[in-house]
*Asks:* 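Right, I'll just put the structure down here and ask away after.
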Amino acid sequence: MLNFDFYSPARILFGKDMEKQIGALLKPHASKVLLHYGGGSIKKSGLYDTVVTSLKESGLSYVELGGVVPNPRLSLVHEGIALCKEEKVDLILAVGGGSAIDSAKAIAMGVYYDGDVWEIYEQGKVIEKALPVATILTIPAAGSEASGDTVITNEEKLLKYGYGSPHLRPLLSVMNPELFYTLPKNQIANGVADMMSHVFERYFTNTVHTDLTDGLCETVLKTIIKNAPLVLENPQNYNAWCEVGFGGTVAHNGLVGMGREQDWACHGMEHELSAIYDVAHGAGLAVLTPAWMQYVYKDNVNMFVQFAVNVMGVKGSYRDPDAMIQEAILRLREFFNKMGLTATLGELGIDASNLELMAKKATGAEFGNEEPIGGLKKLYWQDVLEIYKLAQ
């Protein structure tokens, strides 16, 4: 196990009707709030009225900025930064899923940055300060409600970059599984693939003597695999949503990755799909993850046998590890298919025309500064291209 420093201060308020307390929860921390959200769903559901009423009853003033879309856009972040400065906002409340929360985090750090906030993403600049962010989660997927990470798409440059800082962990996050009841089935499926990938990126490692975090990763994955089909079948299954929703938080608050070398190649490869084709993040991950497994498993056969047995329930002879691993990958594909997720890039509307470009962008080769991605196996652009082809 490697040395680590784990600090996860995000307060999680979990359960029925928790969102009704949001004004009282924020009152000690703010006087003026930016209410940040996506489309009209929170207004149709009544959540918008609940939040606004709670803010007013607590004596908090607010301004609002809607319009967040999946793969949140830099242009809206710029608008939010200007609004926060003009209105002297001292806290951002994101109501929505990972896109709204990521956009809020970008705005939060951009308020204190003299240049273009995109430079922080592009150059990996260290930030010293950000506005506090609070969240009311309506889509369990990204885990952004408890992480210090944010991902933004620069729609002009067709680039999608992530950034992380302890200053970006939310002050508090409200999670009421009842708010997930109206999610479309494709959003449920995409969210499940995303949260599973957050575990995979930490689980598949060359670090040894990681029994505790191995077990945590495996339990989160098995919990999601067990309960996700239940919420797909009955979106008002409160208990199953509790398991899936909290599983998504634990998957990405950092705990399951402590003491391990992490990978993150699949996320890096998928960001290129989203940047150019604007595909849903989880849908892209569901296609790329099995292809990545197929390409890299021989670099750590024992790790993949462990996955086969402990997560996917494969039984067989350890004398034939290849067969066990192939069965595990097949079962993962079948699970994604059961959730209604597509299996190939072609089904996502992605042909072969940009595969090499995306492979070079993912590793930096397109910009003359190639660095391999991944931890379990270092992937150069030629490797990434082969994985894209396997997924085609």
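Every heavy atom of this structure was used, including side-chain atoms; hydrogens, water molecules and symmetry mates were not.
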*Asks:* Pairing donors with acceptors under 3.5 angstrom, does anything connect the side chains of T210 and D214?
*Replies:*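 Distance-only check passes for T210 and D214.
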*Asks:* Determine whether V33 and V77 fall in the same hydrophobic cluster, where Ile, Leu, Val, Met, Phe, Trp and Tyr are linked whenever their side-chain heavy atoms lie under 4.5 Å apart.
*Replies:*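 No, separate clusters.
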*Asks:* Check whether any side-chain heavy atom of V279 sits under 4.5 Å from a side-chain heavy atom of S274, and report yes or no.
*Replies:*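 Yes. Closest side-chain heavy atoms under 4.5 Å.
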*Asks:* Which pairs count as salt bridge (Lys or Arg N to Asp or Glu O under 4.0 Å) when at least one residue sits in residues 33-61, sequence neighbours excluded?
*Replies:*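 As it turns out, there is no salt bridge (Lys or Arg N to Asp or Glu O under 4.0 Å) pair with a partner in residues 33-61 once direct neighbours are skipped.
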*Asks:* Would L273 and V287 count as a side chain to side chain contact (heavy atoms under 4.5 Å, CB included) here? Give the steps.
*Replies:* CA-CA 11 Å; L273 307 185; V287 170; 6.0 Å; no
*Asks:* What's the shortest heavy-atom distance between S54 and A24, and which atoms?
*Replies:*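 Between these two residues, the closest heavy atoms are OG-N, 4.4 Å.
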*Asks:* Verify, without hydrogens or angle tests, whether S103 (side chain) and S99 (backbone) share a donor-acceptor contact under 3.5 angstrom.
*Replies:*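 A pair under 3.5 Å: no.
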*Asks:* Roughly how far, to the nearest 0.5 Å, is the CE atom of M324 from the CD atom of Q306?
*Replies:*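 Atom-to-atom, Q306:CD and M324:CE are 11.0 Å apart.
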*Asks:* According to a hydrophobic-cluster definition based on side-chain heavy atoms being under 4.5 Å apart (Ile, Leu, Val, Met, Phe, Trp, Tyr only), do F246 and F180 belong together?
*Replies:*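 F246 clusters together with F180.
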*Asks:* V296, Y380: one ILVMFWY side-chain cluster at the under-4.5 Å cut-off?
*Replies:*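 V296 and Y380: separate clusters.
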*Asks:* Could you give the distance from CG (L93) to OG1 (T135), rounded to the nearest 0.5 Å?
*Replies:*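 Result: 8.0 Å between the selected atoms.
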*Asks:* Determine, using the 4.5 Å side-chain heavy-atom cutoff (strictly less than), whether V301 and M303 are members of one ILVMFWY cluster.
*Replies:*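 Looking at the clustering, M303 is in the same group as V301.
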*Asks:* Side chain to side chain contact (heavy atoms under 4.5 Å, CB included) between I350 and N354: does it pass, once the steps are laid out?
*Replies:* CA-CA 8 Å; I350 300 172; N354 285 313; over 6 Å; no
*Asks:* For D383 and Y295, run side-chain hydrogen bond (donor to acceptor under 3.5 Å, both in side chains): C-alpha distance rounded to whole Å, both residues' side-chain angles, the deciding distance at 0.1 Å, then the answer.
*Replies:* CA-CA 9 Å; D383 300 300; Y295 191 79; 2.6 Å; yes
*Asks:* Drop me the distance from K129's NZ to M109's CE, to the nearest 0.5 angstrom.
*Replies:*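 Spacing of NZ (K129) from CE (M109) equals 15.5 Å.
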*Asks:* Go through the structure and list residues passing side chain to side chain contact (heavy atoms under 4.5 Å, CB included) with M339, not counting sequence neighbours.
*Replies:*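 M339 satisfies side chain to side chain contact (heavy atoms under 4.5 Å, CB included) with I188, A189, V192, A228, P229, L232, F335, L341 only.
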*Asks:* Got a sec, which residues hit side chain to side chain contact (heavy atoms under 4.5 Å, CB included) with T219, two or more places apart in sequence or on another chain?
*Replies:*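 Result, side chain to side chain contact (heavy atoms under 4.5 Å, CB included) vs T219: T223.
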*Asks:* Answer yes or no: does atom OH of Y277 have more than 12 heavy-atom neighbours from other residues, nucleotides or ligands under 6.0 Å?
*Replies:*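 Yes, the 6.0 Å shell around OH holds more than 12 heavy atoms from other groups.
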*Asks:* Among K360, K361, K160, which residue satisfies the salt bridge (Lys or Arg N to Asp or Glu O under 4.0 Å) criterion with E272?
*Replies:*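 Only one option passes, and that is K361.
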*Asks:* Which value, rounded to the nearest 0.5 Å, describes the distance between I387 atom CD1 and Q392 atom CD?
*Replies:*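 I387 CD1 to Q392 CD: 14.0 Å, rounded to 0.5 Å.
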*Asks:* V69: what forms a side chain to side chain contact (heavy atoms under 4.5 Å, CB included) with it, not counting sequence neighbours?
*Replies:*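 Listed in chain order: R73.
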*Asks:* Rounded at 0.5 Å granularity, tell me how far CZ in F6 sits from CG in L255.
*Replies:*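 One finds 4.5 Å between CZ of F6 and CG of L255.
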*Asks:* For residues F200 and W292, establish whether the separation of their ring centroids is below 6.0 Å.
*Replies:*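 That pair fails the under 6.0 Å test.
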*Asks:* Under a 4.5 Å cut-off applied to non-hydrogen side-chain atoms, are D322 and Y297 in contact?
*Replies:*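 Yes, side chains in contact.
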*Asks:* Please determine, by modelled atom types, if Y203 and E218 share a side-chain donor-acceptor pair under 3.5 angstrom.
*Replies:*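 Per modelled atom types, Y203 and E218 side chains form a pair under 3.5 Å.
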*Asks:* Does a sphere of radius 6.0 Å around CG in D5 hold more than 12 heavy atoms from other residues, nucleotides or ligands, not counting ones at 6.0 Å or beyond?
*Replies:*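 It does not: D5 CG has 12 such atoms or fewer within range.
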*Asks:* Quick check, are the ring centers of F304 and F204 under 6.0 angstrom apart?
*Replies:*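 When the ring centroids of F304 and F204 are compared, they turn out to be within the sub-6.0 Å range.
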*Asks:* Are the side chain of N237 and the backbone N or O of V231 linked by a donor-acceptor pair below 3.5 Å?
*Replies:*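 Between the backbone of V231 and the side chain of N237 there is no qualifying donor-acceptor contact (under 3.5 Å).
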*Asks:* Counting C-beta onward and ignoring hydrogens, is there a side-chain heavy-atom pair between L332 and M293 closer than 4.5 Å?
*Replies:*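 Sidechains of M293 and L332: in contact.
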*Asks:* Please list all pairs passing the salt bridge (Lys or Arg N to Asp or Glu O under 4.0 Å) test where one or both residues lie in residues 189-207, with sequence neighbours left out.
*Replies:*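 Salt bridge (Lys or Arg N to Asp or Glu O under 4.0 Å) check on residues 189-207 returns no pairs.
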*Asks:* Any idea which heavy atoms bring A286 and A193 closest together, and the distance?
*Replies:*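 Closest heavy-atom pair between A286 and A193: CB-CB, 4.1 Å.
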*Asks:* Does any part of the side chain of L179, heavy atoms only, come nearer than 4.5 Å to the side chain of L137, both counted from C-beta?
*Replies:*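 Of all side-chain heavy-atom pairs linking L179 with L137, none is under 4.5 Å.
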*Asks:* Mark yes or no: K16 above the aromatic ring of Y238, with NZ or CZ under 6.0 Å from the six-membered ring centre and no more than 45 degrees from the axis.
*Replies:*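 Verdict for Y238: a cation-pi partner in K16.
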*Asks:* Are more than 12 heavy atoms from other residues, nucleotides or ligands located less than 6.0 Å from atom OH of Y7?
*Replies:*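 No.
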*Asks:* Indicate the atoms forming the closest heavy-atom contact of A359 with Y388, along with that distance.
*Replies:*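 Of all heavy-atom pairs spanning A359 and Y388, the closest is N-CE1, 3.5 Å.
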*Asks:* Would you check if V256 and V250 make a side-chain contact, meaning some heavy-atom pair closer than 4.5 Å?
*Replies:*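 V256 vs V250: side chains touch.
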*Asks:* Before accepting this row, confirm whether a basic side-chain N of the pair K338/E334 lies closer than 4.0 Å to the acidic partner's carboxylate O.
*Replies:*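 Salt bridge absent between K338 and E334.
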*Asks:* Determine, step by step, whether T205 and R260 satisfy the side-chain hydrogen bond (donor to acceptor under 3.5 Å, both in side chains) criterion, reporting the C-alpha distance in whole Å, the side-chain angles of both residues, the deciding distance to 0.1 Å, and the verdict.
*Replies:* CA-CA 7 Å; T205 182; R260 322 163 64 88; 5.1 Å; no
*Asks:* Between D149 and K105 (salt bridge meaning N to carboxylate O under 4.0 Å), is one present in this structure?
*Replies:*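 A salt bridge is absent here (no side-chain N lies under 4.0 Å from a carboxylate O).
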*Asks:* Show me the pairs that pass salt bridge (Lys or Arg N to Asp or Glu O under 4.0 Å) and involve residues 227-252, at least two apart or across chains.
*Replies:*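 Qualifying pairs: none.
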*Asks:* Just by modelled atom types, is the G374 backbone N or O under 3.5 Å from a matching donor or acceptor in the K378 side chain?
*Replies:*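 Looks like yes, one N/O pair under 3.5 Å.
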*Asks:* Answer yes or no: is there a side-chain heavy-atom contact under 4.5 Å between L385 and Q382?
*Replies:*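 No, too far: nothing below the 4.5 Å cut-off.
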*Asks:* Kindly indicate, with the supporting measurements, whether the criterion side-chain hydrogen bond (donor to acceptor under 3.5 Å, both in side chains) is fulfilled by Y37 and E64.
*Replies:* CA-CA 8 Å; Y37 56 93; E64 60 183 86; 2.5 Å; yes
*Asks:* Examine distances only and state if a side-chain atom of T207 and a backbone atom of E261 form a donor-acceptor pair shorter than 3.5 Å.
*Replies:*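 Side chain of T207 to backbone of E261, a donor-acceptor pair under 3.5 Å: yes, one is there.
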*Asks:* Can you name the closest pair of heavy atoms from L91 and A134 and give their distance?
*Replies:*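 Looks like CD2-CB, 4.3 Å.
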*Asks:* If you apply the rule side chain to side chain contact (heavy atoms under 4.5 Å, CB included), what do you find for Y113 with I127, and how did you get there?
*Replies:* CA-CA 8 Å; Y113 185 68; I127 64 169; 5.9 Å; no
*Asks:* Decide yes or no for M312 and I225: does some side-chain heavy atom of the first lie under 4.5 Å from some side-chain heavy atom of the second?
*Replies:*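 Touching, per the 4.5 Å side-chain cut-off.
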*Asks:* With side chain to side chain contact (heavy atoms under 4.5 Å, CB included) as the test, would you mind laying out the steps for D90 and S31 before giving the verdict?
*Replies:* CA-CA 7 Å; D90 47 18; S31 58; 2.9 Å; yes
*Asks:* Is any side-chain heavy atom of L379 closer than 4.5 Å to a side-chain heavy atom of T363?
*Replies:*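 No, their side chains stay 4.5 Å or more apart.
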*Asks:* Between H167 and E128, is a side-chain hydrogen bond (donor to acceptor under 3.5 Å, both in side chains) present by the stated rule, with each step listed?
*Replies:* CA-CA 7 Å; H167 298 291; E128 301 296 334; 4.8 Å; no
*Asks:* Is the side chain of Y163 donor-acceptor paired with the backbone N or O of W118 at a distance under 3.5 Å, no angle test?
*Replies:*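 Between the backbone of W118 and the side chain of Y163 there is no qualifying donor-acceptor contact (under 3.5 Å).
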*Asks:* Taking all non-hydrogen atoms of both residues, which atom of A94 and which atom of A100 are closest, and how far apart?
*Replies:*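 Smallest heavy-atom distance, with atoms named: CB-O, 3.8 Å.
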*Asks:* Measuring from N71:CG to H281:NE2, what's the distance to the nearest 0.5 Å?
*Replies:*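 One gets 8.5 Å once the value is rounded to the nearest 0.5 Å.
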